[in-house]
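What follows is a short report on a single structure.
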Amino acid sequence: MARAQKTQNIKKISPLKKSDVKKAPMITTYDPKKIESAIQKKWEKEKPFKAFSSAKTKKKPFYALSMIPYPSGTGLHIGHPRSYTATDIVARQKRMEGFNVLNPMGYDAFGLPAEQFAIQNKVHPKKAVAMNVATFERQLKKLGLSFDWDRKINTTDPEYYKWTQWIFLKLYNSYYDTKKQKATSIESLISIFEKRGNKDVSAYASGEVQEFSKQEWLQMTPLQKQETLMRYRLAYEGIAEVNWCEELGTVLANDEVVDGKDGPVSERGGYPVTKKNIRQWFLRITAYADRLLSGLNEIEWPEHIKEIEKNWIGRSEGAEISFKLDIPGQSENKHSVKVFTTRADTLFGVTFIAISPELAQSWIDAGWSPDVSVARYTKQTIQEHQKATFDATQKKTGVYTGVYAKHPGTGENIPVWVTNYVLPGYGTGAIMGVPAHDERDFEFAKEYGLPIKNVIDPVYIRPDVIARTDFTKKHKVVSLVEAPDGKILTMNWGPKLGGRLLLGGTIEKGETPEQTALRELKEETGYVHGDIVSVSEETFDYKYFATSKNVAYQALTRFVHIKLRDLEKEEASLEENEKGLFKVEWVSKEHAKKEIVEVLHLYALDLYAFQTPFCGEGVIARSGEFSGLSSLDARKVIAEAVGGTLVTRYKMRDAIFARQRYWGEPVPLYKDAQAIIHEVKKLPLTLPNTASYEPTGTGEGPLANIPAWKKGGYETNTMPGWAGSSWYYLRYMDAANKKKFADEKEIRYWKHVDIYLGGGEHATGHLLYARFWHKFLKDYGLVHTEEPFKKFVAHGMILASDGRKMSKRWGNVVNPDDVINIYGADTARLYIAFMGPYTEAIPWSEESIVGSRRFIERLYKKGLRVNAENTTKTDLSALKAIHKLIQKVSLDIASCSFNTAVAKAMETMNILESASISKKDFSVFLQVLYPFVPHVTEYLWSQWNKEPIHTSKWPRADKKYTREENVTIGVQINGKLRGNITIPFNSSEDSAKKHALEEENVRKYIEGKTILKVIYVQNRIVNIVIKP
RNA sequence: GCCUAGGUGGUGGAAUGGUAGACACGUGACACUUAAAAUGUCAUGAACGUAAGUUUGUGCGGGUUCGAGUCCCGCCCUAGGCACCA
């Protein structure tokens, strides 16, 4: 899974300089190598971390899981252990709390890197994987992680991928019943077809399937039936445009493609990526879109990861509306174009229809013959689309098709344009252009001079008047006055009276807004040569509170846009009480935008000076009988009134389930001579051996090079890298089972992963796919929870000490082997836990790690001393510290705040070092530290305890010792700290006050002053407020 | 452009609206030592002060509060995600 590096030759990396090695503390008596290897040998022999199967224990289950690693050729780097040690800390603590803990490890070894490695080094991928796994395992074991090694899995093992294939076949043999909201066997769909065709069938399908009757179904040839069923199966074969990488000779998933300098390139290698149509296997993940979305509500995942999945699924509710087409030379009413919109409320603002070039091409293919220039544009733009991923900054282009569409509301003729900015794959490939209320349509309309029709009026209610009902109604104008040099006229009222505003005014009886605007211009500023450019048709409803007059106004406002011919001026005729209240100032429109804060004035500025569309919610206007509705309500009403249908769309696409590669799970299907697909009955269908697993470059997988395979009609693509990792956590529940992927009893017992730790970068890949498979298996009663991972915590990256990502390119990779050699595994683990918050990216520091080592040395020395002194007396201060530590560590492990748990342990150590302490009480300290530094604590523990530490009971904090007797609290005067007092815990207000007022430094401050009040927060603070 | 998370000493970082900088690294001084390392003790945000102490200080500007790193408004910067999804 963590396959970030490009696999190259295995080469020992030693980033630690000689000078660093010197910094390692001198070993006195503590010898981690000796202790750790002895303890690890014992673990290897006694297997204390074996998880019990459900029948063999009465303990409650707890399943802690680290993401399965991809065993790359370079071995572990120091980033890997971050999630492994975290999982290990949780697992060890949960065991002591009495749970039957499952903490397994395995390898996900199919995929590109192993294959690249094999090609470059001329070794079979199987051998390369075995080598890499051996390296990984040696390194993992040196870290002292408490895995149940008996449950180890490897996704490339035929005994494992047999079940990956088995699940694939189950998907292939299923469709999604939209009424029951679950996967159902394809057999039952066939029997429905046999009884009544596909009319009213509640089955999720790709695209629109033509309706057929019972008879028609029965008359279909086997091949036709196969093709029809392919539209419904959850694993299906189809043709799709994919990301094709010529250099790698393979198709790439969207998340494997990144933006390069000249268009998209492969994440691995940086080779150019183009679009290509190719035959593919897909998984119909879109059938589960809603459940994948709603399931997020029931899991404890980081919000940002949920957000990423939410955006990726991209649910949007909208409407499909048909526009009848008027094609020159063809009879009317025959053709129509369907658009998808989430803003059906803006329907009356439509001034053009925009279609994707791909849709235009399909019309041409169906017999439409447009002007040559239109056909040429269509072809060109399709080619552009195929070359690159979409770029939002690209200029919008388009041509008029000569076709008109009839507006379903007004009956008006609306031009249809082919454009480059409509996406072919989303919605219907056609949109209604509403430039007044959509930024993209606005940009396009500006470019081609298309009309802009405003049909949503914003509603402005200032928050300070929201609750009021006593409005005085007034008709007003707001004028945007432009000087010949483009500057904007503003009135600066100063900070108290509303700051900078545009020119406003009240419409007197019998006046038009234009007249009002010009009159006010003259009266307030003296300018006389203004020309009216435009007046808003719409009246904006603006409720505000005039502080100076103490009145709430409902201002029904019209906008007026005025341009001055020149700056000629007469005397302004201000009323006496207005004089000197404001200054007339000319500013740039950008300046105005910055300083004007009134929303309505800003809107006038946006509309006239910046000319940006209004995309928010408001009131429907100039839309016939719908005017006056709120835009939210109007969505549904207007869509239905014009015969549209409400639909839900998703951004997420079906997942391509194929790689044109050798090193993957074979697809267990074959085609006979008639191209009929059959299942492979005996699983696993093993990957055949071959010497040439290089890509064919044709789009077929390397398996096509094997004559016997090809002859057998087998699929030449293999499954993608994420196939094996989509269900591996279930295999751990019963890894040795030969008959099932896991026994029913074990699945019921373990249920799901309780805590899953790994990288957040898998949010839209592995994590989403695993959730999908889990839901699918649940539909068949094979698992019993809706979600596979109850809690997920994403670790932060460990950066190199230079703050960059660790990479061979920079030569800054830290190898855990080196760290363990110098400092020992316990120190490495402790430092990884201590270095910072688990979820944050933190640079590795060769300087700071010595602190962790020093702590362990002190612990070790104290342990030996405790053993030698053998006292029964423990100082009260030590007991208190230990019991507070129990509290803190228990809480911190539960919330993955390992760094603060370690800090508290260090604090405790500082107290214990100089205290007298009994073996019994020191044992408690060892227990609490055990999850972090298991070797040294187990070693010390076993000096005087018979029972093993890992089965000892997690200690509980005794209230007797955690309760405080005295507290030292601060005394503030007017919020500033002036002294401390130590008073009994939970002191009364009176006694605290008394002590506070007696404090020496405090007395200095209050002498001769009047005390206004005293605030006392128990056990926190005393604040004395005095008259300054 | 949009969404999400952040911005605290020389460094990693800590802090339920209540004594900012816990813990650790580094640095300085001292002890031990022929010496160095290791270890131990003390100090360590900045400025002023012999000191007691004072001022100032959690990206910037405002606000709420007896009291703001924490809450609210606006801005700047960094990281991650999405990016013509109608």
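Worth knowing before you read on, the calculation uses all heavy atoms, side chains too, and leaves out hydrogens, waters and symmetry mates. First the proteins, then the strands, lettered A, B, ... as listed; each starts at 1.
Contacts of A:Ile842 with the nucleic acid, taken as non-hydrogen atoms under 4.0 Å apart, involve only primed sugar atoms and P, OP1 or OP2. When heavy atoms are screened at a 4.0 angstrom cut-off, A:Arg978 is found touching the sugar-phosphate backbone but no base atom. Among the heavy atoms of the strands lying under 4.0 Å from A:Tyr1005 are primed sugar atoms or P, OP1, OP2 only; no base atom is included.
Along RNA chain B, the nucleotide nearest A:Ala841 and the nucleotide nearest A:Thr342 are compared for position; the residue whose nucleotide lies closer to the 5' end is A:Ala841. When each of A:Glu303 and A:Lys805 is assigned the nucleotide of RNA chain B with its nearest heavy atom, A:Glu303 is the one assigned upstream, toward the 5' end.
In this structure, CZ in A:Phe792 is found 10.0 Å from CD1 in A:Ile299, a value given to the nearest 0.5 Å. To the nearest 0.5 angstrom, A:Ile832 atom CD1 is 13.0 Å from A:Phe932 atom CZ.
In this structure, A:Tyr30 and A:Tyr860 have tilted ring planes: the angle between them lies in the 30° to 60° band.
Under the 4.0 Å criterion applied to side-chain N and carboxylate O atoms, A:Lys636 and A:Glu317 are not assigned as salt-bridge partners. Of the charged side-chain nitrogens involved, none lies within less than 4.0 Å of a carboxylate oxygen, so that A:Lys1004 and A:Glu1000 do not count as a salt-bridged pair.
As a whole-Å value, the separation of A:Phe442 CZ from B:rG1 P is 18 Å. A:Asn311 places its CG atom 12 Å from the C1' atom of B:rG80, with the value rounded to the nearest Å. Per the geometry, CD belonging to A:Glu1000 stands 12 Å off P belonging to B:rU54, to the nearest Å. Here the P atom of nucleotide B:rU39 and the CG atom of A:Leu859 are 16 Å apart, to the nearest Å. The separation between A:Lys310 atom NZ and B:rA5 atom P is 12 Å, rounded to whole Å. If you measure from atom CD of A:Glu309 to atom P of B:rU4, you get 17 Å, rounded to the nearest angstrom. In this structure, A:Arg853 places its CZ atom 13 Å from P of B:rA38, rounding to the nearest Å. As a whole-Å value, the separation of A:Glu439 CD from B:rC84 C1' is 11 Å.
The number of heavy atoms from other shown groups lying within 6.0 Å of CD (A:Glu439) does not exceed 12.
Residue A:Tyr421 places no side-chain N or O under 4.0 Å from the OP1 or OP2 atom of B:rA86. Dashed line: the shortest gap from a side-chain N or O of A:Lys976 to OP1 or OP2 of B:rU54 is not under 4.0 Å.
With pairs defined as Watson-Crick or G-U wobble and both atom distances under 3.5 Å, the stems of at least three pairs that touch RNA chain B come out as B:1-7 with B:76-82, B:10-12 with B:23-25, B:26-31 with B:39-44, B:45-48 with B:53-56, B:59-63 with B:71-75.
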Pair A:Arg978, A:Glu999 - check salt bridge (Lys or Arg N to Asp or Glu O under 4.0 Å), show working. CA-CA 9 Å; A:Arg978 296 301 177 193; A:Glu999 210 274 345; over 6 Å; no
Worked check of side-chain contact (heavy atoms from CB on, under 4.5 Å) between A:Glu309 and A:Trp301: CA-CA 11 Å; A:Glu309 290 209 351; A:Trp301 285 26; 3.7 Å; yes
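B:rG21 and B:rA14 have their C1' atoms separated by 8 Å, given to the nearest Å. Taking atom C1' in both B:rC77 and B:rU8, one finds a spacing of 15 Å when rounded to whole Å. Nucleotides B:rG61 and B:rG9, compared at atom C1', are 24 Å apart to the nearest Å. Comparing the same atom, C1', in B:rG45 and in B:rG12 gives a spacing of 16 Å after rounding to whole Å. Taking atom P on both nucleotides, B:rG13 is separated from B:rU50 by 38 Å, rounded to a whole Å. Only the P atoms considered, B:rU70 is 8 Å distant from B:rG59, to the nearest whole Å. Annotation: B:rG62 and B:rA68 have their P atoms spaced 14 Å apart (nearest Å). With C1' as the reference atom, B:rG57 and B:rC48 are 15 Å apart, rounded to whole Å.
When each of B:rC66, B:rA86, B:rC3 is scored by its nearest atom to the side-chain atoms of A:Thr341, the top-ranked nucleotide is B:rA86.
Base orientation of B:rG9: syn, since the glycosidic angle falls within 90° of 0.
Residues A:Ser316 and A:Tyr426 bring a donor and an acceptor atom of their side chains to less than 3.5 Å of each other.
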Scan the side chains in residues 895-904 of chain A for donor-acceptor partners under 3.5 Å anywhere in the protein, sequence neighbours excluded, and list what turns up.
{"unit_1": "A:Ser895", "atom_1": "OG", "unit_2": "A:Leu891", "atom_2": "O", "d": "3.4"}
{"unit_1": "A:Ser895", "atom_1": "OG", "unit_2": "A:Asp892", "atom_2": "O", "d": "3.4"}
{"unit_1": "A:Ser895", "atom_1": "OG", "unit_2": "A:Ser897", "atom_2": "OG", "d": "2.9"}
{"unit_1": "A:Thr900", "atom_1": "OG1", "unit_2": "A:Asp892", "atom_2": "OD2", "d": "2.8"}
{"unit_1": "A:Thr900", "atom_1": "OG1", "unit_2": "A:Ser897", "atom_2": "O", "d": "3.0"}

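The side-chain tip of A:Lys396 does not point at the ring of A:Phe444 from less than 6.0 angstrom away and within 45° of straight on.
For A:Lys651 and B:rC82, a side-chain-to-base donor-acceptor distance below 3.5 Å is absent, hydrogens and geometry of angles not being considered.
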Report, as a single string ordered 5' to 3', how protein heavy atoms within less than 4.0 Å touch nucleotides 14-24 of chain B: B base, S sugar-phosphate only, - not at all. S-B-BB--BBS
